[in-house]
S.K.: 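Mind having a look at this structure? Questions to follow.
Note: hydrogens, waters and symmetry copies are ignored here, and every other heavy atom, side chains too, is used.
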Amino acid sequence: MLENVSKFLHEFAESLKNGTFVKMTLGNYKGSDEHLQKIHVRPIDTKRGSRLFFLYRYDTRDTAKNYAADEARTLLESLFDGEFFSGHLFTTKTDLQLEIGRKNRSRLNAAKPTFIAPPVLDHDRQKKAQVDPNAFYLRALGITTDRGEIRSTQQDKWRQINKFVEIIASLVEKSNLKERQQLTFADMGSGKGYLTFAAYDHFANTRALDVRVTGVEARSELVGLCNDIANASGFDGLEFIKGTIADHELGKTDILIALHACNTATDDAIYKGIKAGAELIVAAPCCHQEIRPQIQTPEVFAGLLKHGIMLERTAEMITDGLRSMLLERSGYAPKIFEFVPIEHTPKNLMLVGTRQSSPKNTEAVDRQIIELKKFFGIEQQRLEMLLKTGKAALG
């Protein structure tokens, strides 16, 4: 091993022993994986003890693993042996920059420390804010820096996360779930898991409830990344599984979430929630494509809907309006409202259904649905079709 590499790893080990280690970055990768770019290493505290979290940055995805200190040291030795040719060690005493060149030449430079305090490793369970910016999963997902600062490019996402937790907490307080000590969530189309992690953290850690959350996502690389971060965070009740919304069969579910599921995937998710008898169904619809080509413009609206943008918005309004009425017909109290201001995201409507203990007379709602579809010439709407098919199958 090169002398400077040995010194670099010795300083890394010493910083772990004396509690001054902040983070490490490995770069200038020249190994066999054409997609791997960098590795970021951070300390974390989990229910299984102190670990080092390795985040592997690829050109199109991220993966993550966590290791004990001795395992990490052995791994780093191998990574600096012909794969990574630079390393940056940050401690509260000094910064060290390692550069490995040709012909076994290397350079190790020291500088004043970037960080004067070690990172926060665990959650402050007494926090008053909905979401703690020091939460590990936010750093691992790239929302915050190691200092708990919101990245400038993630401000909109940060607002969305906080608003979502505020909304879901309020909905639970106003529902039949208010006194429950155990809650089961399903996040259909969980993506990179920003809101899934935040919901779990709030109910499991801030509220100290027994929570089971399942994120359903079709992209296997995101499932793997989110499971790695959940494990590193010690979130034992949080799991991500590979699957589609249409094919995933729900078990017992108290709260179903479907945020920005594209086109009729929102209908599939709402149907799954109704079928499972979820107390709360929370959807933020996206990409309304089913209704628009079916619309036969009424003569009174001919001058208005000849403009594409007006037809598009009308199709969105009709689609979500029908979903709301179908929820009501299925025994839910529906509500549509602005999720976050439109300047932060155009996908800003949220549709919520709260299950009612005593279903209301649905004849009036049925008439409204029939009249609305007839007025605009709509032949088919997926949620309505799923509900009819499901009812026929049960009957």
Side-chain angles (χ1 to χ4, degrees), residues 156-157 159-160 163-164 167 171 188-189 191 195 245-246 256-274 280-354 356 360-390:
D156 286 348
K157 180 63 69 176
R159 294 186 187 94
Q160 187 184 46
K163 188 63 177 179
F164 171 74
I167 289 171
L171 289 171
M188 309 294 271
L195 305 182
I245 295 174
L256 180 130
I257 302 167
L259 304 184
H260 304 154
C262 189
N263 197 22
T264 57
T266 293
D267 299 290
D268 293 334
I270 293 173
Y271 172 69
K272 296 284 185 178
I274 293 172
L280 284 173
I281 297 174
V282 183
C286 175
C287 305
H288 304 66
Q289 299 169 6
E290 182 188 30
I291 294 297
R292 179 172 175 171
Q294 297 183 54
I295 291 179
Q296 298 175 19
T297 304
E299 182 61 30
V300 69
F301 288 152
L304 177 66
L305 299 187
K306 68 180 180 180
H307 306 288
I309 185 63
M310 301 305 291
L311 179 60
E312 180 179 343
R313 291 180 178 177
T314 300
E316 292 177 2
M317 181 178 65
I318 294 171
T319 301
D320 291 333
L322 283 171
R323 288 166 173 164
S324 171
M325 287 187 280
L326 289 165
L327 272 168
E328 186 173 1
R329 195 181 70 181
S330 300
Y332 288 79
K335 186 177 182 181
I336 299 177
F337 55 92
E338 190 177 69
F339 178 15
V340 290
I342 197 168
E343 63 264 25
H344 300 311
T345 174
K347 306 170 186 178
N348 71 326
L349 287 187
M350 182 165 279
L351 170 61
V352 173
T354 302
Q356 301 298 286
K360 298 179 180 179
N361 189 325
T362 61
E363 292 182 3
V365 180
D366 279 328
R367 286 196 300 271
Q368 291 171 1
I369 293 172
I370 292 170
E371 291 171 3
L372 180 62
K373 289 174 62 184
K374 182 179 179 180
F375 185 73
F376 285 100
I378 297 168
E379 295 291 335
Q380 179 177 301
Q381 201 282 326
R382 183 165 177 82
L383 178 57
E384 183 181 31
M385 181 271 292
L386 289 169
L387 289 168
K388 286 181 178 179
T389 303

S.K.: Run the side-chain donor-acceptor check on residues 299-309: report pairs under 3.5 Å with partners two or more places apart or on a different chain.
M.R.:
none

S.K.: Between atom CG of L327 and atom CG of L383, what is the distance when rounded to the nearest 0.5 Å?
M.R.: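 Between atom CG of L327 and atom CG of L383 there are 6.5 Å.
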S.K.: What is the distance from atom CD1 of I378 to atom CD1 of I318, rounded to the nearest 0.5 Å?
M.R.: 4.5 Å
S.K.: Considering only heavy atoms from C-beta outward, does the side chain of M325 approach that of L372 to under 4.5 Å?
M.R.: yes
S.K.: Check M350 against F164 and note the closest heavy-atom contact, atom names and distance.
M.R.: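 Answer, listing the atom of M350 first, then F164: CE-CD1, 4.4 Å.
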S.K.: Does R323 reach the side chain of D320, with side-chain heavy atoms less than 4.5 Å apart?
M.R.: yes
S.K.: Restricting to pairs with a member in residues 280-294, which pass salt bridge (charged side-chain N to carboxylate O under 4.0 Å, His left out), not counting sequence neighbours?
M.R.: R292-E312
S.K.: Restricting to pairs with a member in residues 374-387, which pass side-chain hydrogen bond (donor to acceptor under 3.5 Å, both in side chains), not counting sequence neighbours?
M.R.: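 Qualifying pairs: D267-Q381, D268-R382, K373-E384.
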S.K.: Let me confirm one number: the CZ-CD1 distance from F337 to I167, rounded to the nearest 0.5 Å.
M.R.: 4.5 Å
S.K.: Side chains of K157 and Q160 only: does a donor on one sit below 3.5 Å from an acceptor on the other?
M.R.: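 Yes - a donor-acceptor pair under 3.5 Å links their side chains.
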S.K.: Can you tell me how far apart CG (L387) and CD1 (I274) are? Round to the nearest 0.5 Å.
M.R.: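 CD1 of I274 is found 5.0 Å from CG of L387.
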S.K.: Rounded to the nearest 0.5 Å, how far apart are OH of Y271 and OG1 of T264?
M.R.: 14.5 Å
S.K.: Walk me through it: do S324 and L351 pass the test side-chain contact (heavy atoms from CB on, under 4.5 Å)?
M.R.: CA-CA 7 Å; S324 171; L351 170 61; 4.1 Å; yes
S.K.: Enter the distance from K272:NZ to L256:CG here, rounded to the nearest 0.5 Å.
M.R.: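 Separation between the atoms: 10.5 Å.
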S.K.: Check whether T319 reaches the backbone of A315 with its side chain - one donor and one acceptor, N or O, closer than 3.5 Å.
M.R.: yes
S.K.: Nearest heavy-atom pair of M188 and A269: which atoms, and what distance?
M.R.: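 Answer, listing the atom of M188 first, then A269: CB-CB, 4.2 Å.
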